[in-house]
Amino acid sequence: MVKLRLKRCGRKQRAVYRIVAIDVRSRREGRDLQKVGFYDPIKNQTYLNVPAIIDFLEKGAQPTETVYDILKRAEVFK
């Protein structure tokens with residue numbers, strides 16, 4: 001099963017996250033299938049590859065709660 005979840009990047013005390021499509025059994029820092037977005041909680045910036053996200057959602061990928069909230073704020077589900 002594929003999930004859309006956050007992958008931590010950046011340095012100590014200055015985390016940024018990539019939104020990735022990844023197999024459920026992989027670790028947080030494991031190998032991802034595709035990078036579909038970027039989220040910086042400090043600057044509150046997001047970049048989303050919406051066509052790729054919609055493609056994964058149509059194929060049955062499940063977003064985590066945090067990624068779901070980010071996508072909802074960006075109005076991807078409309």
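These values consider heavy atoms only, across backbone and side chains, with no hydrogens, waters or symmetry-generated copies.
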* Structure fact -> The reported gap from CD in Q34 to CD1 in I22 (rounded to nearest 0.5 angstrom) is 12.5 Å
* To do: Using the test salt bridge (Lys or Arg N to Asp or Glu O under 4.0 Å), find all partners of D23 that sit at least two apart in sequence or belong to another chain.
  => R25
* Members besides I54 in its Ile/Leu/Val/Met/Phe/Trp/Tyr cluster (side-chain heavy atoms under 4.5 Å) -> V2, L4, L6, Y17, I19, L33, V36, Y39, L48, V50, I53, F56, L57, V67, Y68, I70, L71, V76, F77
* To do: Return the minimal non-hydrogen interatomic distance between P41 and A15, and the atom names on each side.
  => CD-O, 3.7 Å
* Inter-residue atom distance R5.CZ - K3.NZ, 0.5 Å rounding -> 8.0 Å
* Taking only residues two or more places apart in sequence or in another chain, which ones pass side chain to side chain contact (heavy atoms under 4.5 Å, CB included) with K59? -> D55
* D40 versus R14, closest heavy-atom pair with distance -> OD1-NH1, 3.9 Å
* To do: Taking side chain to side chain donor-acceptor pair (under 3.5 Å) as the test, write out the residues that go with R8, two or more places apart.
  => none
* Asked: Linking Ile, Leu, Val, Met, Phe, Trp and Tyr by side-chain heavy atoms under 4.5 Å, what else ends up with F38?
  -> V16, Y47
* Crowded around R73 CZ? As in, over 12 foreign heavy atoms under 6.0 Å? -> yes
* Which residues satisfy the side chain to side chain contact (heavy atoms under 4.5 Å, CB included) test with R18, sequence neighbours excluded? -> K7, C9, V20, K35
